[in-house]
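Heads up: numbering here begins at 1 and tracks the sequence.
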Amino acid sequence: MKKNIIALIGTFVVLISNLHAQNSDHVYFTNGFKIEELSHSSAVVWTRLCKSEKPAPIKHQQKGAPFRSPIDFDNNMPVNEMDGAVEGSFGQISIEVRSKDTVINTPWEYVSEYKDFTLKHRITGLKSNTEHTVTVKGRKSTEAPITEIQGRFTTAPLANEPIPVLFTSSTCQYFWSYDDPERGFKIYDNMLKLNPLFHCQTGDYVYYDKAGPMAYNLELARHKWHAINSWPSLNNFYNNTPFTYKRTTTMY
């Protein structure tokens, strides 16, 4: 009986492995997307095509407050094995923006390793003070399955169109200061409940000069963005809240 159970478990593992191999042509939006440079008639959509559905798991424990930096972090370990790592994927991206009476679809565009598998596309011809839904689509090739994520935003009003405005703001966030091991930062889920028209990041979005890792080169610097953007709370928030920034914070 025991041997039969072990044999069944072995067969199940093989089937799962085969299924994973068959699904290797999938791509994912593990880093979500962001709506930037919002105006009354346009918006910029940023996103990144990813190889895996979830980031690399967190293996290191945190120190105490205030920054909760990781304990015994090896800055020289392979970057794709670091906590929160998200590898990029070659493929194509298309964006659909839809309002109650308008549908705009962008052509499929390839992403490359040169730009870290990211895409920035300006959508124009939008109506002011109007809610729009966004659907970002990705695929590895023309024959491969399509992955989709969705969100929404409201365009800015015209200059002479007064409306009440509620927005949120944050500053100085550090990946290892997370307070929810599953979702990342509780504040993002709470800010989303307010349904703000936009969010302003007034200081550092990532810290290149804090451990976990210290960003000595471009690959490590990019990892910082991959890790912070893989938290589900940030994904949910920025997929539904336009993003602006002040000081030196930029999306690469």
Side-chain angles (χ1 to χ4, degrees), residues 13 16 19-20 23 26-35 46-75 77-89 116-118 134-136 138 147-153 168-196 199 201 203-208 210-213 215 220-243 249 251:
V13 170
I16 292 297
L19 181 61
H20 178 74
N23 289 338
H26 280 72
V27 291
Y28 302 93
F29 291 104
T30 317
N31 290 145
F33 67 86
K34 287 185 172 62
I35 303 136
W46 172 96
T47 192
R48 179 173 184 259
L49 215 52
C50 303
K51 186 180 293 186
S52 57
E53 187 175 7
K54 294 183 178 181
I58 293 178
K59 297 168 288 187
H60 293 81
Q61 293 184 335
Q62 298 166 290
K63 293 181 181 178
F67 292 111
R68 304 181 187 277
S69 54
I71 299 172
D72 297 327
F73 191 92
D74 179 6
N75 215 94
M77 68 188 297
V79 174
N80 63 0
E81 296 178 9
M82 290 182 175
D83 310 57
V86 183
E87 292 188 68
S89 173
D116 197 27
F117 308 102
T118 64
V134 184
T135 303
V136 181
T147 300
E148 295 185 358
I149 53 172
Q150 292 186 326
R152 60 179 171 78
F153 67 92
T168 54
S169 179
S170 61
T171 187
C172 303
Q173 67 182 19
Y174 175 38
F175 176 84
W176 289 98
S177 294
Y178 66 86
D179 52 7
D180 185 322
E182 296 297 325
R183 296 194 53 77
F185 300 98
K186 296 177 182 177
I187 187 63
Y188 278 99
D189 286 331
N190 285 298
M191 287 192 297
L192 184 57
K193 293 175 183 177
L194 299 173
N195 193 28
H199 178 78
Q201 181 73 19
D204 297 276
Y205 191 85
V206 298
Y207 281 106
Y208 295 133
K210 290 191 184 297
L220 291 169
R222 283 177 166 173
H223 163 77
K224 295 271 191 176
W225 292 89
H226 305 162
I228 199 78
N229 284 327
S230 69
W231 284 122
S233 62
L234 271 74
N235 269 215
N236 293 158
F237 182 76
Y238 285 117
N239 290 0
N240 295 281
T241 310
F243 174 80
T249 303
M251 292 299 299

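Put simply, OG1 on Thr241 and CG on Asn195 are 7.5 Å apart, with the number rounded to the nearest 0.5 Å. To the nearest 0.5 Å, atom CD1 of residue Ile228 and atom CG of residue Asp204 are 11.0 Å apart. Taking NZ of Lys34 as the reference point, atom CZ of Phe237 lies at 10.5 Å (rounded to 0.5 Å). Within the model, atoms CD of Gln201 and OG1 of Thr168 stand 9.5 Å from one another, a figure rounded to the nearest 0.5 Å. Once rounded to the nearest 0.5 Å, the distance linking CG of Asn229 with CZ of Phe33 reads 12.5 Å. The CZ atom of Phe153 sits 11.5 Å away from the CG atom of Asn240 when rounded to the nearest 0.5 Å.
Judged purely by atom type and a 3.5 angstrom limit, Thr147 has no side-chain atom pairing as donor or acceptor with the backbone of Tyr28. At least one donor-acceptor pair under 3.5 Å links the side chain of Asp83 to the backbone N or O of His60. Although no hydrogens or angles enter the test, the distance criterion places no donor-acceptor pair under 3.5 Å between the side chain of Lys210 and the main chain of Phe175. For the pair Lys224 (side chain) and Pro213 (backbone), a donor-acceptor distance under 3.5 Å is present.
The two atoms that bring Gln150 and Thr135 nearest to each other are NE2-OG1, 3.2 Å, heavy atoms only. Scanning both residues, Gly212 and Pro70, for their nearest heavy atoms gives CA-CG, 3.7 Å.
No more than 12 heavy atoms of other residues, nucleotides or ligands shown are found within 6.0 angstrom of NZ on Lys51.
By the 4.5 Å heavy-atom criterion applied to side chains, Trp231 and Pro55 are not counted as neighbours.
Screening Asn80, Asp116, Val79 for a side-chain contact (heavy atoms from CB on, under 4.5 Å) with His226, the sole residue that qualifies is Asp116.
With no hydrogens or angles considered, a side-chain donor-acceptor pair links Ser170 and His199 at under 3.5 Å.
By the side chain to side chain donor-acceptor pair (under 3.5 Å) test, Asn190 pairs with no residue at all, sequence neighbours left out.
Residue pairs meeting the side chain to side chain donor-acceptor pair (under 3.5 Å) criterion with at least one member in residues 174-188, sequence neighbours excluded, are Gln173-Tyr188, Arg183-Asp189, Arg183-Asn236, Tyr188-Tyr238.
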